[in-house]
Amino acid sequence: MASLVICFFLVVLFSACHEVSSTSDQLCIEKEANKTYNCENLGLSEIPDTLPNTTEFLEFSFNFLPTIQNTTFSRLIDLTFLDLTRCQINWIHDDTFQSHHQLSTLILTGNPLIFMAETAFNGPKSLKHLFLIQTGISSLEFIPPHNLENLESLHLGSNHISSIKLPNDFPAGNLKVLDFQNNAIHYFSREDLNSLKQATNLSLNFNGNDIKGIEPGAFSSQFFQSLNFGGTRDLSVIFSGLRNSTIQSLWLGTFEDIDNQYLSSATFQGLCDTSVESINLQKHHFSDFSSTTFRCFAQLQNLDLTATHLQELPSGIEGMNSLKKLVLNVNKFDQLCQINAANFPSLTHLYVKGNMKKLHLGTGCLEKLQNLQELDLSHSGIEASDCCNLQLKNLPRLQSLNLSYNELIGFQREAFQACPQLEILDLSFTHLHVSAPQSPFQNLHHLKILNLSHSFLDTSNQLLLAGLPDLRHLNLQGNHFQDGSIPKNNLLQTVGSLEILVLSSSDLLSIDQQAFHSLDKMSHVDLSHNNLTSNSIDALSHLKGIYLNLAANAIGIISPRLLSILSQQSTINLSHNPLDCTCSNIHFLTWYKENLQKLEDLEETVCANPPSLQGVQLSDVRLSCGITPVGIFFLTVFFLLVSILLIFAIKFFLRWKYQHI
């Protein structure tokens, strides 16, 4: 008790000496009117009076609140989310949140907590998420259990906790997530796990704790949504300790700076007595990698072997008929056939992304995977002069194929006959060569998304996209058109079902008025980062209600006749254009101010001309392009003088006339 009193006086003394401001010259940022505010890092020591009582979502991190009590936030009774990260909080007094019945998320991360009152969390009727990361906690007894019956997630990472045993009166019935990563937990006892039995379908995170021992039976007969033991050096301890438990997802990956024991067949012995659906073993090494290594993997549905230094998978693996998803990213295969896909006949998802060597596709390496739906071979240095019917032989159910970020791939006519059910095809950032002036995609009647960005296409081939009756999303970013122009007759004429078209960064100078005339279903057109002038807007005259991105082009003056086309669109981006803010563009400037609700990225939509207005937002421009009051005065004087002169001239003429009669 004496030590607590001393600590209290130290806190008070520190508070008195610490230079902070109760208010700030900077105002809190309003994100949603009267509800959401960001007051981060403003040097505040109390809640500003400018915050409305209706505030629901408050980010107040990196301020100075060494002690909080029931008056600190009492005015903000509608709070549902409160972030107090690194506010140097030491003391949380009784009934601090007694007025906050709606509070559901409380973040206290990075505060050096010394004391929390037993009734600190009284008040909220549905506190669901509590973050006590890096708060110096060494025992779960420190956390007051009162009024935590509805708690769903408790985050306790980066503390000094050595035991996960919850206090007897801790209400764990609704817990779904319990995060202990980067603590000092090395051993689990039966008693530890029994304290969690109230919770069902629990996710436990012990990443970075290096578990060294588990009492036999500690996890027995329990069901877990996920368990994370990342960074544990000896995985045999984990597999032995999890016997007779049921786990949806088991994460056992490691990190490059950890000296792990190599995995052998004996390591996985305990897995034979555990029900696991998904396992992640990323960045581990195998000492004896053979078919017997997988003896206890029979019931697995998902297996992640990312960066496990594999050069091939052994043949003759038996019993893995349940495996649906296999991840082999960042390994060292020379050929696709080295994964011995026949071992996994039920696969629906296969990922061989980022292979560390140039991957050769071979012929029919995946032909036993008749149920395969998704295949990712991106970032693997693939070269193929004639793709892809032989390489993807007998994949009738394949729906998604990713060949992006590879080398040169050549296509013949109907290059994807082997996978006619494709709906998503990604060939971006791969140099494509189409040998005939026809379409390699001709038989893909179900294809909905096609990414051909930065693929060095011959865009003059008007048949390139023929045979795609259901294509909805086409990305041609970074491909170039002859003379920088899209003519009336072009490769887009055959894809009338398009809804999203991306033509950004294609060095476009102009678009023919009829270039898009067959594309009447589009809802999203991205023409950003080109060199288009306003004349190209004519090509969109038949479209209504679209998202139109014209950012970073060469648009200066927009004539009045084009404003009706812009008016019929839902959202427009004109940022980063050399917009003219003189009277020559007054009709557009007036339209702009009247249609701000249609425009996005307003802060970057600025004047380029005249020099005196460079960098000024268009919405702030004020021009007087009519006759000014001074002009009216001089014009009136001018007409008055002209009238007087005219009267004298008439009199002079009449006098002269009468004198000469």
J.: For the pair Phe297 and Phe268, name the ring-plane relationship: parallel under 30°, tilted 30 to 60°, perpendicular over 60°.
T.: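 Taking Phe268 first and then Phe297, their aromatic rings stand perpendicular (interplane angle over 60°).
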J.: Which atom pair, heavy atoms only, marks the closest approach of Leu300 to Ile279?
T.: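 Smallest heavy-atom distance, with atoms named: CD2-CG1, 3.8 Å.
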J.: How long is the span from the CG atom in Leu263 to the OG1 atom in Thr254, to the nearest 0.5 Å?
T.: 9.5 Å
J.: Taking only residues two or more places apart in sequence or in another chain, which ones pass ring pair (Phe, Tyr, Trp, His ring centres under 6.0 Å) with Phe131?
T.: His155
J.: Pick out which of Asn147, Leu148, Asn150 makes a side-chain contact (heavy atoms from CB on, under 4.5 Å) with Leu127.
T.: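 So, applying the side-chain contact (heavy atoms from CB on, under 4.5 Å) to Leu127 and each of Asn147, Leu148, Asn150, only Leu148 qualifies.
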J.: Can you name the closest pair of heavy atoms from Ser195 and Lys165 and give their distance?
T.: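 Between these two residues, the closest heavy atoms are OG-CA, 3.7 Å.
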J.: Would you indicate whether the side-chain heavy atoms of Leu350 and Leu366 approach each other to under 4.5 Å?
T.: yes
J.: Is there side-chain contact between Phe344 and Leu303, with heavy atoms separated by less than 4.5 Å?
T.: no
J.: Side chains of Gln282 and Asp304: donor-acceptor distance under 3.5 Å anywhere?
T.: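 No, no side-chain donor-acceptor pair sits under 3.5 Å.
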J.: With a 4.5 Å heavy-atom cut-off, do Phe62 and Cys39 have their side chains touching?
T.: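 A side-chain contact is absent here, since even the closest heavy-atom pair is not under 4.5 Å.
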J.: If we ignore hydrogens and angles and just use 3.5 Å, is the side chain of Asn402 paired with the main-chain N or O of Leu377 as donor and acceptor?
T.: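 Here the side-chain-to-backbone pair does not exist.
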J.: Under a 3.5 Å distance rule, please check whether Asn183 uses its side chain to pair with a backbone N or O of Ile185 as donor and acceptor.
T.: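 Between the backbone of Ile185 and the side chain of Asn183 there is no qualifying donor-acceptor contact (under 3.5 Å).
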J.: Tell me, please, which residues at least two apart from Glu32 pass salt bridge (charged side-chain N to carboxylate O under 4.0 Å, His left out).
T.: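 Not a single residue meets the salt bridge (charged side-chain N to carboxylate O under 4.0 Å, His left out) criterion with Glu32.
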J.: For the NZ atom on Lys448, are there more than 12 heavy atoms of other groups (residues, nucleotides or ligands in this structure) within a distance under 6.0 Å?
T.: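 Correct, the count exceeds 12.
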J.: Are the side chain of Asn302 and the backbone of Leu326 linked by a donor-acceptor contact shorter than 3.5 Å?
T.: no
J.: Would you say that more than 12 heavy atoms from the other residues, nucleotides or ligands in this model lie under 6.0 Å from the CD of Gln102, or not?
T.: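 12 or below, so no.
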J.: Would you check if the side chain of Ser346 reaches a backbone N or O of Asn321 as a donor-acceptor pair within less than 3.5 Å?
T.: yes
J.: Compute whether any side-chain donor of one residue and acceptor of the other, for His93 and Thr67, lie under 3.5 angstrom apart.
T.: yes
J.: Distance-only, no hydrogens or angles: does the Glu318 side chain make a donor-acceptor pair with backbone N or O of Asn343 under 3.5 Å?
T.: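 Here the side-chain-to-backbone pair does not exist.
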J.: Would you check if the distance from the ring center of Phe219 to the ring center of Phe224 is below 6.0 Å?
T.: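 Under 6.0 Å, so yes.
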J.: For Val352 and Leu336: C-alpha separation, side-chain torsions, deciding distance, then whether side chain to side chain contact (heavy atoms under 4.5 Å, CB included) applies.
T.: CA-CA 9 Å; Val352 190; Leu336 191 56; 4.3 Å; yes
J.: Assess whether a salt bridge exists between Arg190 and Glu215, defined as any Lys/Arg side-chain N lying under 4.0 Å from an Asp/Glu carboxylate O.
T.: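 Looking at Glu215 together with Arg190, the answer is yes, because their closest N to O distance falls below 4.0 Å.
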J.: Using side-chain heavy atoms (C-beta onward) and a distance below 4.5 Å, is Tyr187 in contact with Ile164?
T.: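 No - every pair of side-chain heavy atoms lies 4.5 Å or more apart.
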J.: With rounding to the nearest 0.5 angstrom, report the CG to CG distance, Asn174 to Leu151.
T.: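 Asn174 CG to Leu151 CG: 8.5 Å, rounded to 0.5 Å.
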J.: Which is it for Glu277 and Gln248 under the side-chain hydrogen bond (donor to acceptor under 3.5 Å, both in side chains) test, yes or no, and what are the steps along the way?
T.: CA-CA 5 Å; Glu277 184 175 304; Gln248 189 85 7; 3.2 Å; yes
J.: Are the side chains of Asn355 and Val330 in touch, meaning some heavy atoms are under 4.5 Å apart?
T.: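 The answer is no, as the side chains (C-beta and beyond) never meet within the 4.5 Å cut-off.
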J.: For atom NZ of Lys357, is the number of surrounding heavy atoms from other residues, nucleotides or ligands below 6.0 Å larger than 12?
T.: yes
J.: Atom OG in Ser226, atom CG in Leu202: separation rounded to 0.5 Å?
T.: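 One finds 8.0 Å between OG of Ser226 and CG of Leu202.
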J.: Restricting to pairs with a member in residues 70-84, which pass side-chain hydrogen bond (donor to acceptor under 3.5 Å, both in side chains), not counting sequence neighbours?
T.: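 Residue pairs passing side-chain hydrogen bond (donor to acceptor under 3.5 Å, both in side chains), neighbours aside: Asn53-Arg75, Asp83-Thr85.
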J.: Answer yes or no: is there an ion pair linking Glu374 with Lys325, defined by an N-O contact shorter than 4.0 Å?
T.: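 Here Glu374 does not pair with Lys325 in a salt bridge, since their nearest N and O are not under 4.0 Å apart.
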J.: Could you please spell out the steps behind the ring pair (Phe, Tyr, Trp, His ring centres under 6.0 Å) verdict for Phe60 and Tyr37?
T.: CA-CA 9 Å; Phe60 202 77; Tyr37 291 86; over 10 Å; no
J.: Please name the pair of heavy atoms, one in Pro314 and one in Ser290, separated by the smallest distance, quoted to 0.1 Å.
T.: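 Smallest interatomic distance, heavy atoms only, reads CG-C, 3.5 Å.
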J.: So, the side chain of Asn159 versus the backbone of Ser138: is there a donor-acceptor pair under 3.5 Å, distance only?
T.: no
J.: CG of Leu425 to CD1 of Ile449: how many Å apart, nearest 0.5 Å?
T.: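 Going from the CG atom of Leu425 to the CD1 atom of Ile449 covers 10.5 Å.
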J.: Is the backbone N or O of Phe229 less than 3.5 Å from a side-chain atom of Asn207, with the two atoms forming a donor-acceptor pair by type?
T.: no
J.: Which of parallel (below 30°), tilted (30 to 60°) and perpendicular (above 60°) describes His349 and Tyr351?
T.: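 Aromatic pair His349/Tyr351 classed parallel.
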J.: Roughly how far, to the nearest 0.5 Å, is the CG atom of Leu154 from the CD1 atom of Ile133?
T.: 9.5 Å
J.: How about Tyr262 and Phe289: are their ring centroids closer than 6.0 Å?
T.: no
J.: Nearest heavy-atom pair of Ala199 and Ala172: which atoms, and what distance?
T.: CB-O, 3.4 Å
J.: Just how far is it from atom NZ of Lys368 to atom CG of Leu395, taken to the nearest 0.5 Å?
T.: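 The NZ atom of Lys368 sits 12.5 Å away from the CG atom of Leu395.
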J.: Would a 4.5 Å heavy-atom cut-off, applied to side chains only, mark Leu175 and Ser153 as touching?
T.: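 Not in contact.
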J.: Would you say Asn228's side chain and Leu204's backbone share a donor-acceptor pair under 3.5 angstrom?
T.: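 Absent.
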J.: May I ask you to test the Leu82-Leu103 pair for a side-chain heavy-atom distance under 4.5 Å?
T.: yes
J.: Nearest heavy-atom pair of Lys176 and Thr200: which atoms, and what distance?
T.: NZ-O, 3.5 Å
J.: Under 3.5 Å, is there a donor-acceptor pair between the side chain of His186 and the main chain of Asn209?
T.: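 Here the side-chain-to-backbone pair exists.
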J.: Main chain of Gln370, side chain of Arg397: is a donor-acceptor contact present, judged purely on distance under 3.5 Å?
T.: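 Indeed, once roles are kept as given, a pair shorter than 3.5 Å links the two residues.
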J.: Only one of Ile143, Ile92, Asn90 clears side-chain contact (heavy atoms from CB on, under 4.5 Å) with Leu113; which?
T.: Ile92
J.: Report the relative orientation of the aromatic rings in Phe115 and Trp91; use parallel for angles under 30°, tilted for 30 to 60°, perpendicular for over 60°.
T.: tilted
J.: Can you establish whether the number of heavy atoms outside Glu149 located under 6.0 Å from its atom CD is more than 12?
T.: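 Atom CD in Glu149 is packed in, count exceeds 12.
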J.: So, Asp210 and Arg233, do they make that salt bridge, N to O below 4.0 Å?
T.: yes
J.: For residues Leu235 and His284, report the shortest heavy-atom separation together with the two atoms involved.
T.: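 Between these two residues, the closest heavy atoms are CD1-NE2, 3.5 Å.
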J.: In terms of heavy-atom contacts, does CZ of Phe255 have more than 12 from other residues, nucleotides or ligands at under 6.0 Å?
T.: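 Yes, because the 6.0 Å sphere around CZ of Phe255 holds more than 12 heavy atoms from other groups.
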J.: State, with a plain yes or no, whether a side-chain heavy atom of Phe73 is found less than 4.5 Å away from one of Ile68.
T.: yes
